[in-house]
Amino acid sequence: MKQLIISFVCIIVSLAVNAKPHCQSFDNSDNKVTIVFNDDKAGDKYYVTDVKLKPIWLGKEYKASSVKVAISKGVATVTLTFEHLTRFSNPKVELKINGKKASFKVCQ
């Protein structure tokens, strides 16, 4: 019984620590796509890797050409840049934050 309680507490803690990105802005001008998202549970260290944009058009994925991270008071603001695209249908970003998979729908 004790192990079950400890396991349950560990699961709750891991879910609470998990990153929760929220799209802040989307811009498809100047021959590039720029997506900015926030994570209010960033802490002191915040690493973003393996960023892919999935525009749900012909099943293609696009890798980010630039990833910039800024952290202020535990809130991360991340700016992602991709090549210019002309067609979108419910685009989604998939990435790893501090080594854990995450995704969010792009705001339009």
Side-chain angles (χ1 to χ4, degrees):
M1 183 69 175
K2 185 178 180 181
Q3 287 181 333
L4 180 64
I5 293 171
I6 291 172
S7 297
F8 182 72
V9 169
C10 289
I11 290 170
I12 297 298
V13 168
S14 69
L15 290 174
V17 172
N18 222 2
K20 306 289 182 198
H22 302 282
C23 184
Q24 181 181 349
S25 67
F26 168 82
D27 183 20
N28 191 20
S29 60
D30 297 329
N31 285 328
K32 63 184 176 184
V33 173
T34 304
I35 299 169
V36 178
F37 74 88
N38 290 333
D39 187 345
D40 57 358
K41 295 180 179 156
D44 295 332
K45 295 181 181 178
Y46 201 83
Y47 302 100
V48 178
T49 58
D50 301 334
V51 181
K52 296 176 189 166
L53 174 64
K54 294 186 168 189
I56 317 298
W57 183 255
L58 299 176
K60 285 190 156 190
E61 295 180 348
Y62 298 89
K63 290 186 178 185
S65 57
S66 172
V67 177
K68 295 179 184 175
V69 178
I71 302 173
S72 177
K73 297 179 183 177
V75 177
T77 300
V78 182
T79 303
L80 308 172
T81 306
F82 300 89
E83 67 180 78
H84 181 72
L85 302 171
T86 57
R87 292 188 177 203
F88 293 91
S89 177
N90 298 319
K92 181 168 92 171
V93 173
E94 291 183 352
L95 56 134
K96 287 186 180 177
I97 299 173
N98 297 336
K100 296 183 179 183
K101 289 183 180 181
S103 66
F104 63 92
K105 289 189 176 188
V106 176
C107 48
Q108 292 185 354

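Worth knowing before you read on, the calculation uses all heavy atoms, side chains too, and leaves out hydrogens, waters and symmetry mates.
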Query raised in the report: Which atom names give the shortest non-hydrogen contact between S103 and E94, and what distance separates them?
Result: CB-CG, 4.0 Å
Query - Single-linkage hydrophobic cluster V36~V93, side-chain heavy atoms < 4.5 angstrom - result: no
Query raised in the report: E61 and K52: which non-hydrogen atoms are nearest, and at how many Å?
Result: OE1-CD, 3.2 Å
Query raised in the report: When clusters are formed by joining ILVMFWY residues with side-chain heavy atoms under 4.5 Å apart, either directly or through shared neighbours, do V33 and Y62 land in the same one?
Result: yes
**Report entry** Nearest heavy-atom neighbours spanning K45 and I71
**Finding:** C-CD1, 4.3 Å
Query raised in the report: Looking at OG of S25 and CZ of F37, how far apart are the two atoms once the value is rounded to the nearest 0.5 Å?
Result: 11.5 Å
**Report entry** Flag side-chain contact, heavy atom, 4.5 Å: L95 against D50
**Finding:** no
**Report entry** Flag side-chain contact, heavy atom, 4.5 Å: V106 against L53
**Finding:** yes
Requested in this report: Taking the side chain as every heavy atom from C-beta outward, state whether T77 and S72 have any atom pair closer than 4.5 Å.
Outcome: no
Query raised in the report: Going by heavy atoms in the side chains, are P21 and I97 under 4.5 Å from each other?
Result: yes
Query raised in the report: Counting only N and O atoms by type, is there a donor-acceptor contact under 3.5 Å from the side chain of N28 to the main-chain atoms of L85?
Result: yes
Requested in this report: Search all heavy atoms of K105 against all heavy atoms of C23 and return the closest pair with its distance.
Outcome: O-CB, 3.7 Å
Report task. Mark yes or no for whether T81, through its side chain, and S65, through its backbone, hold a donor-acceptor pair below 3.5 Å. Result -> no
Report summary line: Between V67 and A64, the two heavy atoms sitting closest are CG2-CB, 4.0 Å
